[in-house]
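Working notes for the structure below.
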Amino acid sequence: MLISYNGNSIDRKDGENALDIVRDLDPELAKKALAARLDGELVQSLADPIHGDRTLEILTFDDDAGKKTLRHTASHVLAQAVLRLVPNAKLAIGPAIDNGFYYDFDVEEPFTPDFLQKVEKEMQKIIKKNDRLERFELPRGEAIEFCKQANQPYKVELIEDLPEGEVISFYKQGDFTDLCAGPHLPSTGKVKAFKLQSIAGAYWRGSEKNKMLQRIYGTAFFDKDELAAYLEKLEEAKKRDHRKLGRELDLFALMDEGPGFPFFFPKGMVLRNELEGYWRALHRQSGYLETRTPIMLNQHLWEESGHWDHYKENIYSTKIDDQIYCLKPMNCPGGILVYKRKAWSYRELPLRMGELGIVHRHELSGAMHGLMRVRCFTQDDAHLFITPEMIKDEVIGIHRMEDHMYNMFGFKYHVELSTRPENSMGTDEMWASATLGLKGALDELGVPYVVNEGDGAFYGPKIDYHLEDSIGRTWQCGTIQLDMNMPERFDLSYIGPDGEKHRPVMLHRTIYGSIERFIGILTEHFAGAFPLWLSPVQAKVMTITDRADQAATKLVSALEAAGIRVEADLRNEKIGFKIREAQMEKVPYMFILGDKEAESGEASVRSRKEGDLGTMGVDAIVQKLVDEILTKSI
RNA sequence: GCCAAUGUAGCUCAGCUGGCAGAGCAGCGGUUUCGUAAACCGCAGGUCAAGGGUUCGAGUCCCUUCAUUGGCUCCA
């Protein structure tokens, strides 16, 4: 038997007590583990015998692995409780996930919110009873028989799909036994603080071809305060929801009349225009040219590109003069036509063409989410036409732009590499070399990434950049897609130094991804308090009495002359009221003028973040704001 | 598209087992000229998402559709 401990393999006798093994390996750790266990803090049951090639892990209550174990045990308690209330429920799977756990059930009657409360009560009883979780293993045949006896067809299916030779283990707690690899807490009583959060439908094994099961989501922590703090944090995060802030700050909204087609109001347009303006500046510096292609093109083009075959369900189309026209779901065919308009020399490559292209995609109604997933959005697209030798350098160049853009807003991001999907076109060799090209660039940059098998575009593999929203959901924004198929399909070429035609490689890429989604993420990230350069209203000048109106108007003119977006608040209201309104509108700077300031020609400066900053002269104020706008500080 | 929940004034919400549609904020009118997050008084504002049904009577019960929310699937 092999046990891995701190990465070393050590021979041990089968069935040996885990604690003894630890004691031999590391007496100090064993002492700590034992003490922790006496305090009820040790997560994994050290009394469990170690069988087979399992890794021995010592888990304490304060690490992520410990929480994961706790939540996994909580999901077993959940399943036990549901089975008590609905004895003929069929169990599917119940894993721990980030921040919680879930369990899927096949039941005749869908769960209701009331039912959740009953389940919670039942779970309390199980926890109070503090049954030990005991592990046992069965040979494949017996394990299948066991689950058949228990009338658990999904478990039977799971076992049948386990590879030969895999250890098949179960965990038993009181009257409940579940197929499970573990590990688990020693007993149900260790689940001290939990909460069931929501009910959802979920397809068995994640495929819409399968039956929809009922899923219960919950979370669990080792102590009640931690749970309360987490739930509080979720509540706080809801206040940052871009859909709420978009309405409150009068930026954008979705209306019933246009599901998935967002409206941008004047203040939201300021945000968009600033983002697009910066995008243009960055691309000019980086050697990109800008194009614009039509949002509607005939069906023939989409057949030629393969979109009609691979993406038909999502394409809006209309018939005019006996021809079908499609609202473009992607910009690439337009970009290709721009390329094809003339002959290119190798000397002109790499050719980098950007386009802020409006695309329409008929997303499933249930998939829409504020600005994050819509049916009409603007991609900050670009198409690069390059030679195969340029792949690595160009991908590295794009990555640097992505990294720069996210860093300037203080975003955390993670990178995924998505490989060939089932419904794809092109040869194996094309896919292999394209995937290798992207991988090579990431590896050279030393960028960590996860591989997302089968999630690429139908024409090529891709690198995706994912950003987090306020409650930790991640959304794909930037993408780099390597495409050797479209150039083939459209017979693209450039003339090489040898005077012969050669096939270029195409890179499709975005940085914001979609301006709409990016604005959603930005709004949540800053909780609506955008950096000065992006703020729809950058400053408000407000008076204490109408005796300061003239001085205020002068300051407003000076700020306007410097290109600053400023509003005057000369209303007959108390200054506290005006400040309150400006704070709620998240205006970065407030300039307050009363009799003193009207006299001295200065203004009292208040920052949204730091409050009262004292008095400054008009020139100093203008300079301060202009500097902050130019540096785009966050 | 699928599972579940929700839809009442511009916004946030109340409206019990069916019996005259309400509040706060915002808006409008007036009073108040005030020093760093809410002055006071008044007025107006609704086909209760849409359509159908049950009933003497429907915001409330039933059905259909639309939209939204949380998930699943899909994806920028």
Side-chain angles (χ1 to χ4, degrees), chain A residues 102 104 110-113 115-116 197-217 238 241 243-244 247-248 250 253-260 311 313-314 329-331 357 359 361-375 377-381 418 455 457 462 464-467 471 473 475-479 481 508-518 520-521 542-549 571-584 590-597 604-608 611-614:
Chain A
Y102 67 81
D104 286 348
F111 295 147
T112 61
F115 181 75
L116 272 195
Q197 293 165 291
S198 62
I199 305 164
Y203 299 107
W204 166 238
R205 301 207 142 172
S207 167
E208 59 186 332
K209 294 186 188 91
N210 292 337
K211 184 163 187 187
M212 180 157 272
L213 308 174
Q214 292 284 308
R215 174 173 297 179
I216 296 178
Y217 282 96
K238 278 189 196 156
D241 190 312
R243 294 166 297 191
K244 184 175 153 66
R247 206 173 38 237
E248 285 173 0
D250 206 25
L254 276 301
M255 308 206 189
D256 283 8
E257 291 80 355
Y311 208 71
E313 318 76 62
N314 290 58
M330 296 180 193
N331 299 302
V359 296
R361 300 181 182 176
H362 187 261
E363 298 294 344
L364 292 177
S365 57
M368 259 111 64
H369 180 93
L371 289 187
M372 303 299 199
R373 185 172 293 111
V374 291
R375 284 175 170 163
F377 58 100
T378 306
Q379 287 185 309
D380 63 316
D381 218 335
S418 297
D455 216 24
K462 57 181 187 169
D464 295 332
Y465 295 80
H466 295 251
L467 303 180
I471 62 171
R473 285 180 292 216
W475 300 90
Q476 182 190 320
C477 289
T479 181
Q481 307 181 351
H508 311 241
R509 52 106 276 197
T510 64
I511 297 179
Y512 293 139
S514 118
I515 307 278
E516 288 76 7
R517 177 177 288 182
F518 200 81
I521 299 267
M542 41 189 78
T543 49
I544 290 169
T545 73
D546 54 15
R547 292 185 296 278
D549 282 5
R571 291 175 303 170
N572 176 13
E573 293 288 353
K574 292 176 92 165
I575 195 65
F577 181 81
K578 294 183 182 182
I579 287 169
R580 180 184 145 82
E581 271 194 359
Q583 285 286 151
M584 289 196 306
M590 288 154 258
F591 301 108
I592 295 151
L593 293 94
D595 289 337
K596 275 186 280 176
E597 289 78 9
S604 167
V605 181
R606 183 186 162 98
S607 130
R608 149 186 89 185
D612 195 344
L613 298 181

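Numbered from 1 within each chain, the chains take letters A, B, ... in sequence-line order.
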- Message: Using a heavy-atom cut-off of 4.0 Å across all strands, would you classify A:Met372 as base, sugar-phosphate, or nothing?
- Response: base

- Query: Is a donor-acceptor pair below 3.5 Å formed from side chain A:Glu363 to base B:G1, judging by atom type as modelled?
  - Reply: no

- Note on the structure: Rounded to whole Å, CG of A:Asp380 lies from P of B:A76 at a distance of 13 Å

- Query: What nucleotide among B:U73, B:G35, B:G70 has an atom nearest to a side-chain atom of A:Arg243?
  - Reply: B:G70

- Query: From B:C34, B:A37, B:C75, pick the nucleotide closest to the side chain of A:Asp455?
  - Reply: B:C75

- Between B:A58 and B:A50, how far is it from one C1' atom to the other, in whole Å? 16 Å

- Rounding to a whole Å, what distance do you find between A:Glu573:CD and B:G27:C1'? 13 Å

- Round to a whole Å and report the spacing from CD of A:Gln197 to P of B:G70. 14 Å

- Determine: side-chain N/O of A:His466 to OP1/OP2 of B:A76, distance under 4.0 Å, yes or no. no

- Item | Between P of B:A76 and CG of A:Asn331, the distance in whole Å | 12 Å

- Message: Check this one for me: any side-chain N or O of A:Arg517 less than 4.0 Å away from OP1 or OP2 of B:C75?
- Response: no

Distances for protein N or O near nucleotides 5-14 of chain B N or O, under 3.5 Å:
residue : atom : partner  : partner atom : Å
B:U12   : OP1  : A:Arg247 : NH2          : 2.9

- Does any N or O in the side chain of A:Asp380 come within less than 3.5 Å of the main-chain N or O of A:Gly513, such that one atom is a donor and the other an acceptor? yes

- Query: Under 4.0 Å between a side-chain N or O of A:Arg473 and OP1 or OP2 of B:G70?
  - Reply: yes

- Note on the structure: To the nearest angstrom, the CD-P distance between A:Gln476 and B:A76 comes to 5 Å

- Item | Nucleotide nearest A:Asp612 (side chain, heavy atoms from C-beta), chosen from B:A37, B:U36, B:G70 | B:U36

- Note on the structure: From the candidates B:C74, B:A38, B:A76, the one with an atom nearest any side-chain atom of A:Lys462 is B:A76

- So, is A:Ser365 close to the B:G1 phosphate, meaning a side-chain N or O under 4.0 Å from OP1 or OP2? yes

- Message: Is it the case that the base of B:G1 and the side chain of A:Tyr203 share a donor-acceptor contact (distance under 3.5 Å, atom types as modelled)?
- Response: yes

- Query: When you measure from the side chain of A:Arg215, which nucleotide among B:A37, B:C72, B:A76 comes out closest?
  - Reply: B:C72

- Task: Rounded to the nearest angstrom, tell me the gap between atom CE in A:Met368 and atom P in B:C74.
- Result: 17 Å

- Do A:Leu254 and A:Leu371 come close enough that some side-chain heavy atom pair is under 4.5 Å? yes

- At under 4.0 Å between heavy atoms, what does A:Lys596 touch on the DNA or RNA strands: base, sugar-phosphate, or nothing? base

- With heavy atoms under 4.0 Å as the rule, sort A:Gly576 into base, sugar-phosphate or nothing. sugar-phosphate

- Task: Apply the test side chain to side chain contact (heavy atoms under 4.5 Å, CB included) to residues A:His466 and A:Cys477: give CA-CA distance (whole Å), side-chain angles for both, the deciding distance (0.1 Å), then the verdict.
- Result: CA-CA 6 Å; A:His466 295 251; A:Cys477 289; over 6 Å; no

- Mind checking A:Val374 for me? I need base, sugar-phosphate or nothing, with any heavy atom below 4.0 Å counting as a touch. base

- Nucleotide nearest A:Pro259 (side chain, heavy atoms from C-beta), chosen from B:C34, B:U68, B:U33: B:U68

- Query: Say you pick atom C1' in B:C74 and the same atom in B:U54; how far apart are they, in whole Å?
  - Reply: 41 Å

- Message: From C-beta outward on A:Tyr217, which listed nucleotide comes closest to its side chain: B:G70, B:A76, B:C72?
- Response: B:C72

- Message: Any salt bridge linking A:Arg547 with A:Asp595? Criterion: basic side-chain nitrogen under 4.0 Å from a carboxylate oxygen.
- Response: yes

- Message: Regarding A:Glu597, tell me which of base, sugar-phosphate or nothing describes its non-hydrogen contacts under 4.0 Å with the strands shown.
- Response: base

- Message: Distance check, P atoms only: B:U47 and B:G51, in whole angstrom units.
- Response: 11 Å

- Item | Sugar-phosphate only, base, or nothing, as touched by A:Arg608 at under 4.0 Å among non-hydrogen atoms | nothing

- Query: Rounding to the closest angstrom, what is the interatomic distance between B:C63 and B:C16 at atom C1'?
  - Reply: 25 Å

- Note on the structure: Atom CD1 of A:Ile575 and atom C1' of B:A37 are separated, to the nearest Å, by 11 Å

- Could you tell me the separation between the CG atom of A:Asp104 and the P atom of B:A4, rounded to a whole number of Å? 15 Å

